[in-house]
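Order of appearance sets the numbers: ligands from 1, and atoms from 1 within every ligand. Here, residue 1 is the first one in the sequence, and each next residue gets the next number.
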Amino acid sequence: MRKEIVEQVIKNRDDFTIKSEVENLLKQMTLKEKIGQMYQAPYSATELVGPTWNNLDTEGLIKEGSVGSILSLSDLDSIYNLQKIAVEESRLGIPLFFAYDIIRGYKTIFPIPLAISSSWDTDLLEESCKIIAKESANSGLHMTFSPMVDLVRDPRWGRVMESHGEDPYLGSEIGKAYIRGFQQGDFSKRDAIAACIKHFIGYGASEGGRDYNNVDISRHSLFQYYLPPFKAGVLEGVASVMTSFNVFEGIPATANRYLLKDILRDKLGFDGVIISDYTSTTEIINHKIAADFKEVAQKCSHATLDIEMVGTSFIDELEAICDENPEYLELVDQAAARVLTLKYKMGLFDDPYKGMKDKGEKLYLLPEYREKAREMSEKSMVLLKNESLLPLNRETKIALIGPYADSKNVLGFWNGLGEEKDCISLLEGLKNAGFSNIEHLQMELDQSEVLDEKLFGEALTMASRADVVLLALGEHQFNIGEGASRTLLEFSESQKKLAQEIKKLDKKMALLSFTGRPLILDWFHENMDAVLQVWFLGSESGNAIGNILSGKKSPSGKLTMSFPQNQGQIPVYYNCLNTGRPLDRNNVHRFCSRYIDSSNEPLYPFGYGLTYGEIEYEKLKLDKREMTPEDSLEVSIQIKNTGSHEAEEIVQLYIEAETFSVSRPLKELKGFKRVKLKKNAVEKVIFKLTAEDLKFHNRDLEYVNESGKYKIYVGKNSRDTLVETIDFKNFI
Ligand code: BGC
């Protein structure tokens, strides 16, 4: 028998054994104990920040079997003690599982997810997530609430930093890499953890970019753009899915049976655990679809929610609901079975103290972990402009000025248990990279983002002595992420003023932009010699930036969200539909789709990013001009590095569907490859496209192929591409 088949047989046997063990266990459980599995408790009110929760006696509840899992507890002794209570003092000794938002690192902190996605490096990401899982699993954690696979188009929304940008295909590939790295095909393994994709679904479309706001998208948009990364995650075997805070068609996602049962469970075939977001159950009272906790429990349970995070409607009300209406007994049985199955798959029935024993062992921030974080950080940065300034000679006289000049506050939001003391500041990184002639001025930045203008004089004097000014500006590291939506997408007035004053000295200047979202960089684009988007990179921030600035590494990241030219353009994203009156640059008139005071184009488009090399694209070829569903299309292109530096280029393939039953985007990403190119190297890059890649959702939401013409584009970003055409014949 082939190896995979043997493994499959064993896997099936395991699944079968688990199923019967879960059934046996369920038979021994009281209704109250089953409902207990459906409650995820915060360990203590002091450990968490959130709108509401009951300050409950968690330990007492664990003893009576009313808690299934614990949220956000990180202290290993406390984790161990709670597990001991569950195993030794509850009637059936069912272990708890412990979940934490290990979004991009436990102690070794990797870049924010939006930055990670800009690396387009799924192999490196998988490797990185193995490290993240190892640090977490060996700290007594069993599940992470990552990756967030929400499609985003509005940089006002603080949570774009947690996303993989505006493209469903790239978002799917990146999401799958996280899951593979965290779960490693079997999350009962010692060094693996269960993943959770979130937030199901539509949260990224919050109106006006305001967090927790209303969402109004069509079913077609949902299926075509927002669903693919979730579908990909389910196919990758993700353990869990988290619901979102928003409504869909007027029903909050957490209580939306159409979303959870009809789409997620029945259509996508997800048989794992669905968990609510933090109190998103009881918030349906604010959404005005439930009057009290009883209705909350009824509606969320009916929607097939398995675990209520922090809210207590299930443990307070479900027993009585089942007494009144026995139909709910079945829903509770199914939910409890799914949670218990998850615990079996986590290996907790074999070893409830998994990962809790080796207290004190040095497992964090190992040199090889830092090295991976550094590599990911290097690949996450995006060079947006470079007028022959970068890389810098190590002897260059540098004035390093701004709030991120020598700051260790570079973790950004959702930073696990990362500590600033373990981060490398930019100044330290530049020194480590061998720069020997640096003067620096660290200017503090609190959340108001106002600089102390009394320091401007010193900044100007320092700048006037230098050959090159490096301006390290940005958002405050906590002005990004959940609850940090913005209406003004610019650097703060005082940071802009600092830049403008220094500009008057007529020095060579580069902006290093520390942000968690696309900001409006038009002034900087006009006035700087170089602009490097550095995001928030985590533990290895300074070293990674130092390596890029010195030229030890060539920048290679490419944007996964368009950077607008101005706020009024938002949302601006590459994969938009055409209009009936598209803008024709050669014939601009009043009645076409445009603004009277701005172009339609973003400042930097999706997929954009420069390297230190000069990459030329030529000889785009298709191996056929017509194809049917049985064929696959080979697309090849030649790329050449004509510059004077080595480079790594992300080659991108897009399609444009010409005439179909529904309007489809002007461009859709369908493939990408990272290619290393030495100086003067020439590489042929080959993509394969199949009929599956050309499928889309029709008006009836069926996922289909139709006959029609496609343009095939290959290029360095979504704007600068070569193009060829193929006729697709779908004979069905
Ligand atoms: C966030 C989730 C997160 C949860 C638990 C919520 O506020 O929306 O993404 O996983 O808190 O910390």
Under 6.0 Å between ring centres: does that hold for Phe606 and Tyr573?
no

Below 4.0 Å from ligand 1: does a non-hydrogen atom of Arg159 turn up there or not?
yes

If you apply the rule ring-ring contact (aromatic ring centres under 6.0 Å, His included), what do you find for Tyr80 with Tyr353, and how did you get there?
CA-CA 7 Å; Tyr80 182 85; Tyr353 300 103; 5.0 Å; yes

Looking at ligand 1, does His199 have a heavy atom less than 4.0 Å from it?
yes

In terms of the angle between their ring planes, are Tyr258 and Phe248 parallel, tilted or perpendicular, with boundaries placed at 30° and 60°?
parallel

Report yes if some heavy atom in the side chain of His199 is under 4.5 Å from a heavy atom in the side chain of Phe245; otherwise report no.
no

Has ligand 1 got any nitrogen or oxygen that is less than 3.5 angstrom from a nitrogen or oxygen of Trp414?
no

Regarding ligand 1, does Lys198 bring an N or O atom to under 3.5 Å of one of the ligand's N or O atoms?
yes

Which atoms of ligand 1 are found less than 4.0 Å from any heavy atom of Phe145?
10 (O)

In the protein, which heavy atom is nearest to atom 7 (O) of ligand 1, and how far is it?
Glu482 OE2, 2.8 Å

Do any N/O atoms on Tyr203 end up under 3.5 angstrom from N/O atoms on ligand 1?
no

for atom 6 (C) of ligand 1, nearest protein heavy atom and its distance come out as Asp277 OD1, 2.9 Å

When you measure from the centre of the six-membered ring of Phe563, is the NZ or CZ of Arg517 closer than 6.0 Å and no more than 45° off the axis?
no

Between the side chains of Ser78 and Asp75, is a donor N or O closer than 3.5 angstrom to an acceptor N or O?
yes

Could you check whether any heavy atom of Phe245 sits closer than 4.0 Å to an atom of ligand 1, since that is the contact criterion I want to use?
yes

Is it the side chain (CB and beyond), the backbone, both or neither of Met242 that lies under 4.0 Å from ligand 1, heavy atoms counted?
side chain

Identify the closest protein heavy atom to atom 12 (O) of ligand 1: which residue and atom is it, and at what distance?
Asp101 OD2, 2.4 Å

